[in-house]
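Every heavy atom of this structure was used, including side-chain atoms; hydrogens, water molecules and symmetry mates were not.
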Amino acid sequence: QVQLVESGGGLVQAGGSLRLSCAASGNTNSINKVGWYRQASGTQRELVAGITRGGVTDYVDSLKGRFTISRDNAKNTVYLQMNSLKPEDTAVYYCKATASWPPYPNYWGQGTQVTVSS
């Protein structure tokens, strides 16, 4: 069992930056990959970026260059650095951890609100 807690969201002006944190607890040694997702009001949840335990990353093309995902395995924490924020980045941001062994469960955090004003 894994528990995830996101933090770092808030209100920021367009062009500003935020760093989100996803702290994992429980059976953290089972985690293979962590992804950041976001969901704007009334829209489908979408992938933002992902990172493996070994540090391999991937990004949605539209966000490359502005968002950076990283991890500190010793702290059981994954970060999402968000720069040059735009109003359309406004959403609830969630982290999801995927286990390495069957039944390969996914664990979701509660989400943290990011609001970008113009």
Side-chain angles (χ1 to χ4, degrees):
Q1 188 68 39
V2 173
Q3 295 80 43
L4 304 175
V5 178
E6 298 107 328
S7 62
L11 176 64
V12 64
Q13 291 186 346
S17 298
L18 285 173
R19 188 180 74 162
L20 306 182
S21 298
C22 175
S25 60
N27 191 18
T28 58
N29 61 324
S30 71
I31 299 173
N32 174 254
K33 184 175 182 179
V34 173
W36 280 100
Y37 295 74
R38 68 184 184 184
Q39 186 169 20
S41 181
T43 72
Q44 182 175 318
R45 191 171 300 183
E46 65 176 354
L47 175 68
V48 174
I51 188 167
T52 69
R53 178 173 292 274
V56 178
T57 61
D58 59 80
Y59 300 90
V60 175
D61 285 344
S62 61
L63 299 177
K64 286 174 60 178
R66 294 197 298 121
F67 289 14
T68 303
I69 190 169
S70 61
R71 89 281 185 269
D72 187 335
N73 287 344
K75 296 182 179 179
N76 294 314
T77 300
V78 171
Y79 305 96
L80 184 68
Q81 179 67 45
M82 305 186 295
N83 298 324
S84 301
L85 284 163
K86 305 174 181 179
E88 53 262 42
D89 295 321
T90 295
V92 178
Y93 285 72
Y94 301 88
C95 61
K96 181 186 77 174
T98 302
S100 300
W101 47 58
Y104 311 105
N106 292 320
Y107 303 96
W108 290 91
Q110 82 289 346
T112 185
Q113 176 72 47
V114 172
T115 302
V116 184
S117 66
S118 59

Q: Looking only at non-hydrogen atoms, find the nearest pair between Tyr107 and Val2 and report the distance.
A: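 Between these two residues, the closest heavy atoms are CD2-O, 3.4 Å.
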Q: So which atom in Thr90 and which in Gln113 form the shortest heavy-atom distance, rounded to 0.1 Å?
A: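 Of all heavy-atom pairs spanning Thr90 and Gln113, the closest is CG2-NE2, 4.0 Å.
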Q: Between OG of Ser30 and OH of Tyr104, what distance do you get to the nearest 0.5 Å?
A: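 Those atoms lie 12.5 Å apart.
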Q: Is any side-chain heavy atom of Arg38 closer than 4.5 Å to a side-chain heavy atom of Leu63?
A: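 The answer is yes, as the side chains (C-beta and beyond) meet within the 4.5 Å cut-off.
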Q: Just verifying a value: how many Å separate Thr28 OG1 and Lys75 NZ, rounded to the nearest 0.5 Å?
A: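 Rounded to the nearest 0.5 Å, the OG1-NZ separation comes out at 15.0 Å.
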Q: Answer whether the closest heavy-atom distance between the side chains of Met82 and Val48 falls below 4.5 Å.
A: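 Not in contact.
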Q: Does a side-chain heavy-atom distance below 4.5 Å link Thr68 with Tyr59?
A: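 Touching, per the 4.5 Å side-chain cut-off.
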Q: Could you give the distance from CZ (Arg53) to OG1 (Thr98), rounded to the nearest 0.5 Å?
A: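 If I round to the nearest 0.5 Å, the distance is 12.0 Å.
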Q: Rounded to the nearest 0.5 Å, how far apart are NZ of Lys64 and CG of Asp58?
A: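 It is 10.0 Å, given to the nearest 0.5 Å.
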Q: Is there a side chain to side chain contact (heavy atoms under 4.5 Å, CB included) between Val34 and Arg71 once you walk through the steps?
A: CA-CA 9 Å; Val34 173; Arg71 89 281 185 269; over 6 Å; no
Q: Any idea which heavy atoms bring Trp101 and Pro105 closest together, and the distance?
A: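 So the two residues come closest at O-CD, 3.8 Å.
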Q: Using side chain to side chain contact (heavy atoms under 4.5 Å, CB included), reason through Phe67 and Leu85 one step at a time and then give a plain yes or no.
A: CA-CA 9 Å; Phe67 289 14; Leu85 284 163; 4.0 Å; yes
Q: I'd like to know whether Val78 forms a side chain to side chain contact (heavy atoms under 4.5 Å, CB included) with Leu4, so could you lay out the CA-CA distance, the side-chain angles of the two residues, the decisive distance to 0.1 Å, and finally the verdict.
A: CA-CA 10 Å; Val78 171; Leu4 304 175; over 6 Å; no
Q: Just how far is it from atom CH2 of Trp36 to atom CG of Leu20, taken to the nearest 0.5 Å?
A: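 Reported to 0.5 Å precision, the distance equals 4.5 Å.
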Q: Would you mind writing out the side-chain donor-acceptor pairs for residues 6-18 within the sub-3.5 Å range, not counting sequence neighbours?
A:
residue: Glu6; atom: OE1; partner: Gln110; partner atom: N; Å: 2.8
residue: Glu6; atom: OE1; partner: Gly111; partner atom: N; Å: 2.8
residue: Glu6; atom: OE2; partner: Cys95; partner atom: N; Å: 2.7
residue: Glu6; atom: OE2; partner: Gly111; partner atom: N; Å: 3.4
residue: Ser17; atom: OG; partner: Asn83; partner atom: OD1; Å: 2.9

Q: Mind checking the CG-OH spacing from Asp72 to Tyr79? Nearest 0.5 Å is all I need.
A: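 These two atoms lie 5.0 Å from each other.
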Q: Give a yes or no on whether Leu47 and Tyr94 share a hydrophobic cluster (residues Ile, Leu, Val, Met, Phe, Trp, Tyr; joining criterion: side-chain heavy atoms under 4.5 Å apart).
A: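 Hydrophobic grouping puts Leu47 with Tyr94.
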